[in-house]
Amino acid sequence: MAESTGSGITAGEAEPRLRKASWKYVGPGIVVAATGVGAGDLVATLIAGSKFGYTLLWAAIIGCLVKISLAEATGRWHLATGRTLFEGWRSLGQWTTYYFAVYVVIWGFVYGATAMSSSALPLVALFPDGPSLKTWAVLCGLLGLAFVWFNRYAVFEKAMTVVIGMKFLIVVYVAIRVAPDLGNAFAGLVPALPDGSLLYTLGLIGGVGGTITMAAYGYWVNSKGWTDITWLKVMRLDNRVAYITTGVFVVAMMIIGAELLHSTNIALNSGDRGLVDLGKVLEDKFGAVTADLFLIGFFATSFGALMGVWHGVSLMFADFVERLRRERAASGDAAAQGGVAAQGDMVEEVAAGKREKSVPFRAYLLWLTFPPMGLLFLDQPFGLVIAYGVLGAFFMPFLALTLLWLLNSSRTPKQWRNGWLSNVMLAAAGLLFLILCVKQIIDLDWGGIF
């Protein structure tokens, strides 16, 4: 009897014929682009443009190439092995389970409050006589919960396509409105590091579009119905669309920062409130209509990230719980047989939408929504914020380095393992994220604990 490789292909069979890449299949990439670029990413790019003009444009482009490599590796793991990413992490040892379990609980608790507040900020600016920031935040959380709870991936993808369309059109419109200097913009494609720009450069390369949603990409690929290696070319096209779109956002925000802020020495607040400041600048220069359009784009950016995390990370959590449940059920004499049998089933069940109907999926949705509402009305506990910062800093190097490990080992069928380019890009990403991790941990206000 032929031995299964876990990718829908049996040993001894001819190499599978890959489906032709086609724009009609694109979808998960749209979701990851709408989710991965949040308001904080746009502010970071905007401030880099306001401080250094177009000089760091090259760094933003390299950042997109790094993310293309990471997301491609995530999607290739799911398709080549027929196993989810958490199954891959689990095969590396118990330590990955401990890290993910702690990370997903603390990160989700703090991120939930952050995402709701970020979505509420532009609504307060658009409706100054309306509800308070906290009320808007709670409403945004409840709306995100209801949408993800009652819909499945197909509807979710369509909604995220609308979100990405709003973001794309509005941000690009504002960038054109401020009249970019194309000569300086092209000059910014030549690598340069002006004084004081190193950390901003690393942040642009490593930060924009780089979150846990990159790990969720493989789950969205499976949710689309792509479950074996025949979808590889389709996935790669989809992934490129995601990060080319992300690149357009980054370039557009850098143009806005360079033309509107750098040339006039206008400073913005850091954090999401910087986008509210920019709305006021746009109103003074171009009128209320342009400012309101930008705030609508700000809302689409923040709420799209909220919906994406509510769906994608809940999928990952549900897979995490199901994997542990099956391992317990397969303990004893049947452990090996039960473990192997579970591998192919996990991806197929994600594709069939079973995870979206599961109790763990909905339990994590509730965790992202209701406990964080308490943080909206209370000062965030300092120790929790520190833990959130440390765990979050470690996630991207964890992702890059574990993918490097998984895709160069016997866990991946030989023909689908990393080539030299993938290895170089993942190793570079891992090193970059380790540097950013150390910087983020150093920058945390440890003095508040001691």
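Nothing here was measured: the structure is a model prediction, and the numbers come from that model. All values below were derived from every heavy atom in this structure, side-chain atoms included, with hydrogens, water molecules and symmetry-related copies excluded.
Contact between A21 and V234 at its shortest, heavy atoms only, is CA-CG2, 4.1 Å. Considering all non-hydrogen atoms of both residues, M214 and A71 come closest at CE-N, 3.7 Å. The shortest heavy-atom contact between L403 and T74 is CD1-OG1, 3.5 Å. Looking at every heavy atom in both residues, P372 comes nearest to W367 through CD-O, 3.1 Å.
At least one donor-acceptor pair under 3.5 Å links the side chain of D238 to the backbone N or O of G27. Counting only distance, with no hydrogens or angles, the side chain of S117 and the backbone of T114 share no donor-acceptor pair below 3.5 Å. Of the possible donor and acceptor atoms, one in the side chain of S50 sits under 3.5 Å from a partner among the backbone N and O of I47. Of the possible donor and acceptor atoms, none in the side chain of T369 sits under 3.5 Å from a partner among the backbone N and O of L366. Listed for the H78 side chain is no donor-acceptor partner under 3.5 Å among the backbone atoms of V347. Side-chain N or O atoms of S69 include one that pairs as donor or acceptor with a backbone N or O of L65 at under 3.5 Å.
Under the rule for a ring pair (Phe, Tyr, Trp, His ring centres under 6.0 Å), the partners of F52 that lie at least two apart in sequence or sit in another chain are Y200. Under the ring pair (Phe, Tyr, Trp, His ring centres under 6.0 Å) criterion, F303 pairs with F299, sequence neighbours left out. Residues satisfying the salt bridge (Lys or Arg N to Asp or Glu O under 4.0 Å) test with R417, not counting sequence neighbours, are none. Residues that satisfy the ring pair (Phe, Tyr, Trp, His ring centres under 6.0 Å) test with W77, not counting sequence neighbours, are absent from this structure. Remark: S223 engages Y153, L315, V350 in a side-chain contact (heavy atoms from CB on, under 4.5 Å) (not counting sequence neighbours). Under the side-chain contact (heavy atoms from CB on, under 4.5 Å) criterion, A216 pairs with W220, M316, sequence neighbours left out. R90 pairs by the salt bridge (Lys or Arg N to Asp or Glu O under 4.0 Å) definition with E327, not counting sequence neighbours. W420 meets the ring pair (Phe, Tyr, Trp, His ring centres under 6.0 Å) test with no other residue; sequence neighbours excluded. Annotation: side chain to side chain donor-acceptor pair (under 3.5 Å) contacts of R152 (sequence neighbours excluded): none.
Counting only residues at least two apart or in different chains, side-chain hydrogen bond (donor to acceptor under 3.5 Å, both in side chains) contacts with residues 395-405 comprise W89-T402.
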For residues 158-174, which side-chain donor-acceptor pairs fall under 3.5 Å, sequence neighbours excluded?
| unit_1 | atom_1 | unit_2 | atom_2 | d |
| --- | --- | --- | --- | --- |
| T161 | OG1 | E157 | O | 2.8 |
| K167 | NZ | A34 | O | 3.2 |
| K167 | NZ | V37 | O | 3.2 |
| Y173 | OH | R177 | NE | 3.3 |

Report, one line per pair, each donor and acceptor closer than 3.5 Å where one atom sits in a side chain of residues 133-148; sequence neighbours left out.
| unit_1 | atom_1 | unit_2 | atom_2 | d |
| --- | --- | --- | --- | --- |
| T135 | OG1 | S132 | OG | 3.0 |
| W136 | NE1 | P131 | O | 3.4 |

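V102 has its side chain within reach of I106: a pair of non-hydrogen atoms, C-beta onward, lies under 4.5 Å apart. In this structure, S422 and E72 have side chains that are in contact, with non-hydrogen atoms separated by less than 4.5 Å. Contact of the D228 side chain with the W231 side chain is registered, since non-hydrogen atoms from C-beta on lie closer than 4.5 Å. At a threshold of 4.5 Å between non-hydrogen side-chain atoms, the residues R355 and S314 do not count as touching. Counting heavy atoms from C-beta outward, F298 and S118 have side chains that approach closer than 4.5 Å. A heavy-atom distance below 4.5 Å is not found between the side chains of F433 and L399. Side-chain contact between E348 and K354 is absent, with no heavy-atom pair separated by less than 4.5 Å. Considering only heavy atoms from C-beta on, P191 stays 4.5 Å or farther from I62 through its side chain.
For R362, the CZ atom is densely surrounded, since the number of other residues' heavy atoms within 6.0 Å is greater than 12.
Under the 6.0 Å cut-off for aromatic ring centres, F395 and W107 do not qualify, their centroids lying 6.0 Å or more apart.
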Check step by step if side-chain contact (heavy atoms from CB on, under 4.5 Å) holds for T81 and R411. CA-CA 8 Å; T81 66; R411 297 171 181 83; 5.8 Å; no
Working for side chain to side chain donor-acceptor pair (under 3.5 Å), residues S302 and S119: CA-CA 5 Å; S302 298; S119 299; 4.9 Å; no
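Between the side chains of Y217 and N239, no donor N or O sits under 3.5 Å from an acceptor N or O. In the model, T84 has a side-chain atom that pairs as donor or acceptor with a side-chain atom of D319 under 3.5 Å. When only modelled atom types and interatomic distance are considered, T213 and T35 share no side-chain donor-acceptor pair under 3.5 Å.
In this structure, CG on L79 lies 6.5 Å from CG on L232, to the nearest 0.5 angstrom.
For the pairing with P397, the side-chain contact (heavy atoms from CB on, under 4.5 Å) check across L431, I435, L434 returns one residue only, L434. Partner of F317 under the ring-ring contact (aromatic ring centres under 6.0 Å, His included) criterion, out of F86, Y219, Y364, F361: Y364 alone. For the salt bridge (Lys or Arg N to Asp or Glu O under 4.0 Å) with E349, the qualifying choice from R323, K357, R326 is R326, the only one to do so.
Taking the six-membered ring for Trp and thresholds of 30 and 60 degrees, Y103 and Y99 have nearly parallel ring planes, at less than 30 degrees apart.
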